[in-house]
Amino acid sequence: VTDRLDSDGLYAISKALTEKLTGHTLGEVRRMLDYYRQSGAEGQVLAEALATAACMILLADKMPAGLLFVVMVLAAILAGADYVDIGTWLPEKSRAWLITLALNKGCRTILSHHDFSCTPDTDSLKAIADKSFREGADIVKIVTMGRSEEDAARIESLYSVVLEDVQTLEGRLVAFGMGGAGKDSRVECLRRGAPFTYAALSSDDMTAPGQWTTTEMYEAVYGDKFAY
């Protein structure tokens, strides 16, 4: 379940998560942060966590690109998140540092690659998956823009490739297409072994083109066998 939260404050965010995600098995929170101030104890805790994270990153990687993103991923790891999603657009040093830290903290990593313009050829997709696993990702997510049935078939073909040093892709690969042509692949990926897929709480909360709502997804996956 993906959703955007507009509330400020740790307590408000926690309360909103509890209300929004009740009955769902997995949630992903995407929050675009600007600098803002908080008062009280919770603000101090957040400020200290971010200050510590920023100092550690500056010492480790000399002000990498995407600093704010790295700080927020680091804060999630230190807070005890089960999973963190690390974009392949980050510098390789930053990715490696976050993956190593997550490993040491018992946090699993999702290394994600997005292409909002097209679906690359099969060899390119395979190379992306192979490199991501070699970097130490627990789960690799590859999402491309689907503009035709051929694009959808190409992204789905990733589930049948053989990668060196990766015993099985089942439960470790999430690959589907965006846009109208890729919409069905968001469900098909589950049949091919993806550990999860993405759905929005409502049509107003969609974070990518072609995304299903949770109601649509539950009906497609479970029919009338699952009530929530």
Side-chain angles (χ1 to χ4, degrees), residues 1-10 12-14 16-17 20-21 26-38 42-117 128-129 131-145 172-176 178 195-198 200 205-209 211:
V1 179
T2 63
D3 188 30
R4 294 187 178 92
L5 296 177
D6 296 322
S7 53
D8 286 326
L10 300 181
I13 292 174
S14 177
L17 279 174
K20 288 176 177 288
L21 300 182
L26 180 67
E28 177 190 67
V29 179
R30 299 183 183 188
R31 180 170 170 79
M32 303 305 292
L33 290 178
D34 295 318
Y35 251 132
Y36 65 92
R37 295 177 180 272
Q38 290 184 323
E42 65 179 28
Q44 182 178 354
V45 171
L46 178 61
E48 289 177 357
L50 292 179
T52 301
C55 288
M56 292 175 69
I57 289 172
L58 289 172
L59 289 173
D61 213 9
K62 304 284 179 64
M63 190 67 76
L67 176 60
L68 181 57
F69 179 87
V70 175
V71 168
M72 297 311 296
V73 172
L74 175 57
I77 294 172
L78 296 179
D82 292 323
Y83 291 85
V84 288
D85 190 313
I86 302 170
T88 57
W89 58 270
L90 282 173
E92 188 170 354
K93 275 187 175 182
S94 299
R95 297 197 305 269
W97 188 74
L98 286 171
I99 290 171
T100 300
L101 177 65
L103 177 65
N104 290 333
K105 294 294 183 179
C107 174
R108 301 187 71 192
T109 54
I110 304 169
L111 200 54
S112 61
H113 175 87
H114 291 79
D115 191 322
F116 292 94
S117 61
I128 293 168
K131 186 175 189 301
S132 298
F133 281 119
R134 287 180 182 277
E135 288 186 18
D138 294 298
I139 295 174
V140 172
K141 180 176 71 175
I142 300 177
V143 183
T144 63
M145 181 58 70
R172 298 195 64 192
L173 175 67
V174 180
F176 58 80
M178 293 181 285
F196 55 81
T197 188
Y198 293 78
D205 296 314
M206 292 180 179
T207 56
Q211 196 169 60

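Atom-to-atom distance recorded for Ile142:CD1 and Leu173:CG is 6.0 Å, nearest 0.5 angstrom. Taking CD1 from Ile86 and CG from Leu98, the interatomic distance works out to 4.5 Å, rounded to the nearest 0.5 Å. Summarising the geometry, atom CG belonging to Asp85 is positioned 5.0 Å from atom CD1 belonging to Ile110; distances are rounded to the nearest 0.5 Å.
Under a 3.5 Å cut-off, the side chain of Arg108 and the backbone N or O of Val84 do not form any donor-acceptor pair.
Ring planes of Tyr198 and Phe176: tilted class, angle from 30 to 60°.
In this structure, Leu74 and Trp97 have side chains that are in contact, with non-hydrogen atoms separated by less than 4.5 Å.
For the pair Thr109 and Ala137, the tightest heavy-atom approach, listed with the atom from each and the gap, is OG1-CA, 3.6 Å. A pairwise comparison of heavy atoms in Arg172 and Asp138 identifies NE-O, 2.9 Å as the closest pair. Across all non-hydrogen atoms, the minimal contact from Arg95 to Gly87 is CD-O, 3.5 Å. In this structure, Gln211 and Ala200 approach most closely via the heavy-atom pair OE1-CB, 3.4 Å. Between Thr88 and His113 the shortest heavy-atom distance is OG1-ND1, 3.2 Å. Across all non-hydrogen atoms, the minimal contact from Lys105 to Leu78 is CE-CD2, 4.0 Å.
For Thr144, the side chain to side chain donor-acceptor pair (under 3.5 Å) partners two or more places apart in sequence, or in a different chain, are Thr119.
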